[in-house]
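Take a look at the structure below.
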Amino acid sequence: MNSSPRMDENDVLRVKLEVLRSEHRDLDDAIAALHDQGTADMLTLKRLKRKKLSLKDQIAAIEDRLTPDIIA
């Protein structure tokens with residue numbers, strides 16, 4: 001018998017969700033720090049904001065997969 005501990009798909013999605021949320025918070029902090037310093041160029045800020053938005057979309061997609069559909 002192979003009873004090795006394995007993660008099901010939902011567990012994997014939850015871990016990925018936490019990683020993405022952490023990256024999103026880190027980007028938010030980085031954007032705020034660069035903005036406060038006033039040393040960042042607009043292109044860098046734009047790229048970071050675009051990456052942050054992409055992470056937000058990925059987070060929403062995973063949350064939708066984890067939340068069961070309720071048919072009314």
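Just so it is clear, the structure is predicted and the values come from calculations on it, not from any experiment. Position 1 is the first residue of the sequence; numbering continues from there.
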Salt bridge (charged side-chain N to carboxylate O under 4.0 Å, His left out) partners of residues 14-24, not counting sequence neighbours, each pair once
D11-R14, E18-R21, R21-E63

Besides L66, the hydrophobic cluster formed by Ile, Leu, Val, Met, Phe, Trp and Tyr side chains linked at under 4.5 Å, directly or via other members, contains L13, L17, L20, L27, I31, L34, M42, L45, L48, L55, I59, I62

Pairs in or reaching into residues 25-36: which pass side chain to side chain donor-acceptor pair (under 3.5 Å), with residues at least two apart or in two chains?
D28-K52

Applying salt bridge (charged side-chain N to carboxylate O under 4.0 Å, His left out), name anything that partners R65, two or more places apart in sequence or on another chain.
E9

Tell me, please, which residues at least two apart from S22 pass side-chain hydrogen bond (donor to acceptor under 3.5 Å, both in side chains).
none

Quick one: side-chain hydrogen bond (donor to acceptor under 3.5 Å, both in side chains) partners of D41, sequence neighbours excluded?
T44

When you look at L53 and K49, which way does the side-chain contact (heavy atoms from CB on, under 4.5 Å) test go after all the steps?
CA-CA 6 Å; L53 184 59; K49 288 180 180 181; over 6 Å; no

